Amino acid sequence: MASDDLHSDWAAWLDAELAEAEAAALRAHRREGLERRLKRLLAWTGAVTLAAGLGFGLVYTAQHGPAPRPAGPTASAAPTPEG
């Protein structure tokens with residue numbers, strides 16, 4: 001009778017340990033999936049932010065950048081014979 005109680009206690013303990021290990025593995029698996037999705041979201045957000053920033057910079061520079069210089073000397077910039 002005592003061995004049946006011991007066996008029953010041991011089986012209950014083992015079931016509890018296995019259930020706890022299974023729950024921990026499931027939590028780790030879910031956490032890993034969440035971390036992977038968060039990393040992917042962060043990478044996409046960074047790529048979109050970089051592309052938008054570069055696009056904005058190009059448009060802003062095109063609209064507000066320095067005035068273009070003439071390609072070569074013009075007639076008004078040519079020296080006069082008087083000096």
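Small disclaimer: the values here were computed from a predicted structure and weren't measured.
Each of Arg31, Arg37, Arg30 was compared with Leu34 under the side-chain contact (heavy atoms from CB on, under 4.5 Å) criterion, and only Arg37 meets it.
From Thr49, atom OG1 reaches atom CG of Leu54 across 11.0 Å, with rounding to the nearest 0.5 Å.
Applying the 6.0 Å contact sphere to NE2 of His29 captures no more than 12 heavy atoms from other residues, nucleotides or ligands. For Glu22, the CD atom is loosely surrounded, since the number of other residues' heavy atoms within 6.0 Å does not exceed 12.
Shown here are the side-chain contact (heavy atoms from CB on, under 4.5 Å) partners of Leu42, two or more places apart in sequence or in another chain: there are none.
Between Trp10 and His7, the ring planes are parallel. Angles under 30° get that label, and only those over 60° would be called perpendicular.
Under a hydrophobic clustering in which Ile, Leu, Val, Met, Phe, Trp and Tyr are joined whenever their side-chain heavy atoms come within less than 4.5 Å, directly or via other members, Phe56 and Leu50 fall into different clusters.
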